[in-house]
Amino acid sequence: MAEIAWALGKILFMLVFVFTVLVVMIWGERKGSAFIQDRIGPNRASIGGVIRLGGLVHPVADVLKLLFKEDLVPGAVNRFFYTMAPFVVMVIALVTFAVLPFGDAIYLGDKVIPLRIADLDVGILYLLAITSLSVYGIVLAGWASNNKYTFLGGIRSTAQMISYEINMGLAVLALLLVYGSTRVDAMVVEQGQLLFGFLPRWGVFLQPLGFVLFLTSVFAETNRTPFDLAEGESELVSGYNIEYSSMKFALFFMAEYASMIVAAGFISSLYFGGWQVPWLDTITLREHAGTFLGVSLWVGAVFNLLFAALLWKRYRRERGLLGDRRELEPLVLGIVFFILALVCLGAVVIASPWNLGEQGAAHFATVVQVLSFILKTLFFSWLFIWVRWTLPRFRYDQLMKLGWQLMLPLGLLNFFVTAAVVLLAR
Amino acid sequence: MSRRALDRVQERFGGQILETNDYLGDESITVAAGDLPQVLEFLRDDPQCDFKLLLDVVGVDYPDRPQRFDVVYNLRSLDQGQRIRVKTRVAEGEAVPTASGLWHNANWHEREVYDLFGVEFSGHPDLRRILCHHEFEGHALRKDYPIEKGQMCYTVEKLLPEEAVLPGRETRHEGHWNAEGGWEGAPGVALADEIHSDYLPVNIGPSHPATHGALRIEALLDGETIVRSEAEIGYLHRCFEKEAEDHTWHQIIPYTDRLNYVSALTNNVGYVLAVEKMLQLEVPERTRAIRVIVSEMGRIMDHLVCTGTNLVDIGALTNYWYTWNAREYLYDVVERLCGERLTTSYTRIGGLYRDLYEGFEDDLRGALKKVEQGVQDMMALVQRNRILMDRTVGVGVISAEEAVRWGYTGPCLRASGVAYDVRKAMPYSGYENYDFDIPVGENGDAYDRIMVRIEEIYQSISIIRQALDTLPGGPVQADDRRVVFPPKDEVYNSIEGMMNHFKLVFEGIRVPKGEGYGFIEAANGELGFYAVSDGSGRPYRVKVRPPCFPIFASFTTLIQGSMVPDAIAILGGLNIVAGELDR
Amino acid sequence: MQLHFATVFVFLALAVGFAVIAMVISWALRPKKPGTVKESPYECGEQPEGSPWIRFNVRFYLIALFFIVFDVEVVFLLPWAVVFKEMLAVLGSFAFWEMVIFIAILLVGLAYVWGKGDLAWVKGLPPRDEEDLEALSWYESGRFSTDRRSVHTSAKPEGV
C-alpha cells in the first residue's frame with residue numbers, strides 16, 4: 001500500500017515539476033528572446049493588478065485564454081485522428097519522464113525509495129521507444145487536418161524525426177558501451193566519480209562526439225530551431241498545428257515544451273551527471289550536511305535581505321510614478337523576501353542545523369541532489385531557447401543531408417571508436 | 001546630353017520615324033505601331049545605342065485623338081549612359097506588337113497597359129489583367145472611366161491551368177504507363193522516378209507570413225520542389241495613377257508616401273524632382289543637400305527592413321530586432337523632422353515642408369551610430385553563419401545579362417554584378433559632390449543581395465555624414481512664386497500675397513505643357529515618375545516606374561525548380577513592397 | 001518489476017486524464033459558433049484547390065525504408081553493446097570484430113544508397129557540394145571569385 005502511495009507521490013511530483021518548469025520555460029522563451037532581441041518582453045498580465053513577476057503571469061493568462069477560446073474544427077477533417085493527435089503528443093511527452101531519475105533515493109530507515117517513477121530495467125530503451133511514438137501525433141495532426149501546409153509540416157516532421165532517431169540511437173549505443181547498462185539511474189551513479197582525479201566523470205567527457213550527436217538529434221526530435229521545419233513559420237505558416245485552436249492547440253504547445261524539458265532532463269542525466277553534484281558525492285554531502293545547510297541558510301538570509309532591501313528602494317523610488325496598484329509589487333515582493341530572510345535566520349538560530357542527525361543528513365543530501373538535477377535541466381532548457389533565437393533555419397534537404405550523410409557516419413564512427421577503446425582498455 | 005542615339009536611329013530608319021524631340025533633355029521618338037519591334041530591337045542591339053534596359057511601358061489616353069492611345073517605352077542604356085523614349089500611337093482596337101520577346105519584363109508592363117487602358121498587344125504570350133481583378137469591367141485609366149465608379153469582384157482566379165495540375169506522367173518522363181499498369185519507355189530510371197506521385201497545388205499568399213504585404217503565388221509542388229508557379233499581384237492596387245489625375249501636382253505628394261511605404265522620404269524626393277524638372281525649377285543648394293540626406297535615410301531604413309525580414313524568412317528571428325531597433329532611432333529623427341513616421345510627405349515642389357529643426361544634426365549623427373551598431377550586431381550573427389550561407393549562397397541566382405533583361409535595377413541588379421546606380425550614372429540633387437562607392441556582388445544570389453544591401457547602408461551613412469559636414473545655409477524654398485507659397489505675413493497683409501496663395505491652393509501649380517521623366521535611385525532601384533502635363537493645375541498622367549515591379553515579374557522564373565524555403569528566401573531578398581508593386 | 005510497469009501505466013493514465021480534463025473544461029467553457037467560413041481549411045486566404053491527400057513524392061517513403069534498415073541495425077546492436085564488456089571477458093577481441101563486420105556490411109549498404117543519390121532529398125537538382133565549396137571559398141577569401149555558374153535556378157525563360 002505504501003508502495004503505491006509512494007509511486008503516486010512521485011508521479012505527482014513529476015507532473016508538478018514538469019508543469020512548473022513548463023511555465024518557467026514559456027516565460028523564459030518570451031523573456032529570454034526579449035533579452036536577446038533587445039526589447040522588454042511581456043510584462044502586462046497581472047494578478048489583482050499588483051503581481052506581475054516580470055511576465056511570469058503571462059503563461060497562466062495564456063492557458064486561461066486558450067480555455068475560453070472557440071475550438072474551430074475545419075470541415076472535412078478526419079475527426080478521430082484530428083482529435084487524437086494532440087492527446088498523443090501530450091501524453092507521449094509526459095510519459096517519457098517515467099524513467100528519468102530526478103534524485104538518488106529517499107532513505108527512511110531501512111526503506112529506500114528510489115527517486116524515479118518507474119524502475120525499469122530497459123531504461124534508455126524506453127526513452128528511445130516512447131520518443132519515437134511522438135511522431136505519430138504530429139503526422140496524424142498534419143494529415144488529418146485536410147490542409148496542405150499541415151500535410152507538408154507533418155511529412156517534414158516525420159522524415160526528420162525518423163532520420164534523427166537513428167543518430168540518437170547510435171549516440172545512446174556508444175553510451176551503453178561505456179556504462180554497460182541500459183538503466184539511466186545506473187548511468188547517473190557512474191557519473192558521480194571523478195575522472196583523472198579532478199574532472200567529474202560525466203558522459204560529456206567520456207563521449208564528447210556522442211554528446212554533440214545526441215544534442216543535435218534531440219534538437220531535431222523536439223522540432224526546435226534550427227530544425228523547426230515542421231513549423232517553419234515563414235514557409236509553412238505554422239506547420240502541422242495550423243488548424244488547431246483552443247485547448248487542442250494548447251496541448252500541442254505544452255507538449256512541445258514538455259518534450260524539451262524531458263530532452264533537457266535526459267541530456268543532463270546521460271551526459272552531465274544527472275542529479276550528481278559535481279565534486280560532491282553522496283557520502284561527502286551527508287558528512288558535511290550540517291555545515292552546508294548552515295552556510296546555505298546564512299547565504300540565503302543575506303541574499304533575501306539584499307533582495308528585500310533592493311525592492312524596498314525600488315518601491316520608494318517608483319512610488320507615484322505609475323499611478324496604479326502596479327507600484328505595490330516591489331513592496332509585496334520585498335515583504336516576501338524579507339519573510340524568507342527571517343525564516344532562514346530563524347532556522348539557523350532556532351533549529352541549529354549544524355547537526356542534522358543521520359536521517360536528516362540523508363534527506364538533506366537528497367534534496368540537494370534533486371536541486372542539482374533541476375538546475376541542470378533548467379540550464380539545458382535555456383539552451384533550447386538560446387539556440388532558437390540565435391540560429392537561422394535549415395532547408396529541408398540540408399537537414400536530411402546533415403542527418404544521413406554527416407551524422408550517421410559520424411555516429412557509426414563514434415560507436416566504433418568507443419568499442420575499440422573499450423577493447424583496448426580491457 | 002548627346003543626340004547620338006536620336007541621330008543614329010534617324011539615320012537607320014529615316015522616314016519611319018514620325019517625330020522626334022528632346023524636350024527637357026529627354027530624347028523621344030515616335031514611330032508607327034508596325035515599326036515598333038524593329039526600332040526597339042535596333043535600339044537594343046545596336047552597339048552605339050545599346051539600350052539594354054527596358055524601364056517601363058506607359059500608356060497615355062487622349063480620347064479626342066483618332067489614334068487615341070500613346071504607348072511609351074522608356075529605355076535606358078547601361079554602358080552609353082543615355083535614355084530614350086519610344087512612342088507609338090494606336091487607335092481603339094488596334095494592337096501594338098509586343099516587346100516581350102526583347103525584354104522579359106515587357107510582358108508584365110504590357111499587361112499593365114492592357115489592364116488599365118485596354119490596349120491590345122499582338123503576340124503577347126499572356127495578355128491578362130494584372131493589377132485589377134479579372135472580373136473588372138472597363139479600363140480604369142481611360143479618361144472616360146469615372147474615378148468614383150467602384151466595382152465589387154469576388155471570385156478567386158485560378159492561376160495554374162487545369163492540365164498543369166494533373167500529374168504529368170507522360171510529360172515528365174521518357175515513357176508512359178500502359179493499360180496493364182506497367183511502365184513502357186526508357187529503362188534504368190531510378191525507382192523514385194518510376195513511381196508516379198501527384199503534384200500539389202499550393203497557394204502561397206496573399207495571407208502568408210512571408211509575403212510581407214499581399215501577393216499571391218500559386219505553386220505546383222512535387223514533394224517540396226516547385227515545378228511551376230504563377231504570381232498574382234494587385235491586392236493593394238488603389239490606382240494611384242488615377243488618383244493623381246484627380247489632384248493638383250502638390251496634392252500627389254502624400255500619395256507617394258504610400259508607394260514604397262518603407263522609404264517614403266525617398267519617394268517624396270523622386271516625385272518632386274520629376275515635377276521640378278518639368279517646371280525647370282532650380283532649388284537652393286541647402287534643399288538639394290537636405291534631399292540627399294533624407295533620401296539616404298530612406299534608403300537605410302528600407303535596406304534595414306528588407307535585410308531584417310529576409311533573415312526572418314530564413315528563420316533567423318533575432319536579427320530582425322537588431323535592424324528594426326536601428327531603424328527605430330532613424331524613425332525618431334524622421335518624426336521630429338516631419339511630424340510623421342511613416343507617411344512623411346516631407347518635400348514640396350520647389351523646396352521642403354520645412355527646414356531642419358534645431359539639433360537635427362546631432363540627432364541624426366547619434367542615430368547613425370546606432371544604425372552602425374545594429375548592423376554590426378546583426379552581421380556578427382549571420383555574416384559567416386554556416387546555416388545562413390547554406391540557405392542563401394547559390395540560391396536564386398540571376399546572371400547579369402538575365403537581370404538586365406528582366407529590367408532589374410538597384411541592389412538586385414548590383415548583386416548580379418552590374419554597377420548601375422542612378423546616383424552615379426546620372427547624378428541628381430548634388431550626388432556628384434559626395435564620395436561613395438557602388439557595392440557590387442558577383443554571383444547574383446540571395447546572399448549577395450543581402451550583402452550588397454548591408455554595404456549600401458554603410459555607403460549611405462557615409463553620404464549622410466558628408467552632406468551634414470558640408471550642409472550649406474540659406475533658404476529651403478525656391479524663390480519662385482509660380483510654385484512656392486508666399487510667406488504668411490504677405491498672405492495676411494497684402495492682396496497680392498493672398499491671391500497668390502489662393503491660386504496656388506485652388507488651382508495648383510501650372511506645369512508647362514509637355515512630358516517629362518524624372519528618376520532617382522530609390523532603395524529598390526530606379527524609381528521613375530513619367531508625367532504628362534496639359535498645362536492645367538492637375539497632371540494629365542502620372543506613371544510611376546516602381547522598381548520592384550519588373551523584379552517581381554521574374555520571380556516565378558527565379559524559383560522554378562527550387563524548394564519552397566528557397567522561394568521564400570528569394571522573395572525576401574528581392575524586397576517586394578506591395579504598396580509600390582500594386583500602386 | 002511488474003509493479004514498475006504498472007507505475008508506467010498509472011502515469012500514462014494520469015497523463016491522459018490530465019489532457020482529457022483540460023479538454024473537458026475547455027469544452028464546457030468555450031463558445032461554440034461554427035460557420036462555413038470558420039470551417040474552411042486555411043490556405044493563405046484563398047479557397048484550396050484540390051485535396052492535400054495525394055500520393056506524395058516517393059522520396060519520403062524511401063527515407064522511411066532507410067530508417068527501418070538502420071533502426072533495425074541499432075536494435076541489433078543494442079544487446080551486443082550492453083553485454084560487450086562481459087563478452088570481452090569470454091570471447092576476447094572476437095566480440096569486437098564481429099560487430100565491426102556487421103557494421104561494415106551496413107556501411108556498404110549506406111555507401112550504395114548514397115552513391116545512387118537516394119539520400120539526397122531533392123533529386124533532379126545537381127549535387128550542390130562543389131558549387132557550395134566554391135562559393136564558400138569565394139566568400140571566405142573575402143573577394144569575388146571569377147566565375148561560378150548558377151546552381152539550380154538557372155531555368156531559362158522561354159520565348160527569347
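Just so it is clear, the model here is predicted, and its values are computed rather than measured. In what follows, chains are A, B, ... by sequence order, proteins preceding strands, each numbered from 1.
- Note that the CG atom of A:Leu423 and the CE atom of C:Met99 stand 9.0 Å from one another [nearest 0.5 Å].
- Both the backbone and the side chain of A:Leu94 have a heavy atom closer than 4.5 Å to some heavy atom of chain C.
- At a 4.5 Å heavy-atom cutoff, C:Glu86 makes no contact with chain A through either its backbone or its side chain.
- Neither the backbone nor the side chain of A:Ala250 has a heavy atom closer than 4.5 Å to any heavy atom of chain C.
- For A:Leu125, the part lying near chain C is the side chain, with the backbone staying farther off; criterion is any non-hydrogen pair under 4.5 Å.
- Applying the side-chain contact (heavy atoms from CB on, under 4.5 Å) test to A:Ser132 and every residue at least two apart in sequence or in another chain returns A:Glu165.
- Of the two parts of C:Leu12, the backbone and the side chain both hold a non-hydrogen atom closer than 4.5 Å to a non-hydrogen atom of chain A.
- Counting heavy-atom pairs closer than 4.5 Å to chain A, the top residue among C:Trp27, C:Trp80, C:Phe84 is C:Phe84.
- The interface of residues 104-111 of chain C with chain A, defined by heavy-atom distances below 4.5 Å, comprises C:Leu107, C:Leu110.
- With rounding to the nearest 0.5 angstrom, the CG atom of A:Leu176 is 10.5 Å from the CG atom of C:Leu77.
- When all heavy atoms of A:Leu67 and C:Ala22 are compared, the closest pair comes out as CD2-O, 3.9 Å.
- Comparing A:Tyr149, A:Tyr179, A:Trp143 by how many heavy-atom pairs each has under 4.5 Å with chain C, the most go to A:Trp143.
- Contact of the A:Met14 side chain with the C:Leu14 side chain is not registered, since no non-hydrogen atoms from C-beta on lie closer than 4.5 Å.
- Of the two parts of A:Ala129, neither the backbone nor the side chain holds a non-hydrogen atom closer than 4.5 Å to a non-hydrogen atom of chain C.
- Proximity to chain C is limited to the side chain of A:Leu152, based on heavy atoms less than 4.5 angstrom apart.
- Proximity to chain A is limited to the backbone of C:Lys32, based on heavy atoms less than 4.5 angstrom apart.
- When the side-chain contact (heavy atoms from CB on, under 4.5 Å) test is applied to A:Ile162, the partners found at least two apart in sequence or on another chain are C:Ile63, C:Ala64, C:Phe67.
- Heavy atoms closer than 4.5 Å to chain C are found in the side chain of A:Phe151, but not in its backbone.
- Neither the backbone nor the side chain of A:Ile92 comes within contact range of chain C; no heavy atom of the residue lies under 4.5 Å from a heavy atom of that chain.
- Counting non-hydrogen atoms of other residues, nucleotides and ligands closer than 6.0 Å to CZ of C:Phe102 gives a total above 12.
- For A:Val95, the parts lying near chain C are the backbone and the side chain together; criterion is any non-hydrogen pair under 4.5 Å.
- Of the atoms belonging to C:Val20, heavy atoms from both backbone and side chain fall under 4.5 Å from chain A.
- Minimum interatomic distance between A:Leu251 and C:Met23 (heavy atoms only, all atoms of both residues): CD1-SD, 4.0 Å.
- Of all heavy-atom pairs spanning C:Val74 and A:Ile166, the tightest one is CG2-O, 4.3 Å.
- In this structure, C:Phe96 and A:Phe416 have tilted ring planes: the angle between them lies in the 30° to 60° band.
- Rounding to the nearest 0.5 Å places CG of A:Leu128 at 8.0 Å from CG of C:Asp71.
- Interface remark: A:Ile242 contributes side-chain atoms only to the contact with chain C (heavy atom separation under 4.5 Å).
- Relative ring orientation between A:Phe19 and C:Phe18 is described as tilted, the plane-to-plane angle lying within the 30° to 60° band.
- The salt bridge (charged side-chain N to carboxylate O under 4.0 Å, His left out) analysis of residues 68-77 of chain A, with sequence neighbours excluded, yields the pairs A:Glu70-C:Lys38, A:Asp71-A:Lys248, A:Asp71-C:Arg30.
- Contact annotation: the side chain of A:Met247 never approaches that of C:Ile25 to less than 4.5 Å [non-hydrogen atoms, C-beta and beyond].
- Heavy atoms of A:Tyr126 lying under 4.5 Å from chain C belong exclusively to its side chain.
- Neither the backbone nor the side chain of A:Ile124 comes within contact range of chain C; no heavy atom of the residue lies under 4.5 Å from a heavy atom of that chain.
- The distance from atom CG of A:Leu408 to atom CH2 of C:Trp114, rounded to the nearest 0.5 Å, is 8.5 Å.
- Neither the backbone nor the side chain of A:Val63 comes within contact range of chain C; no heavy atoms are under 4.5 Å apart.
- Comparing A:Thr182, A:Leu12, A:Leu399, A:Asn147 by heavy-atom pairs within less than 4.5 Å of chain C, the highest count is held by A:Asn147.
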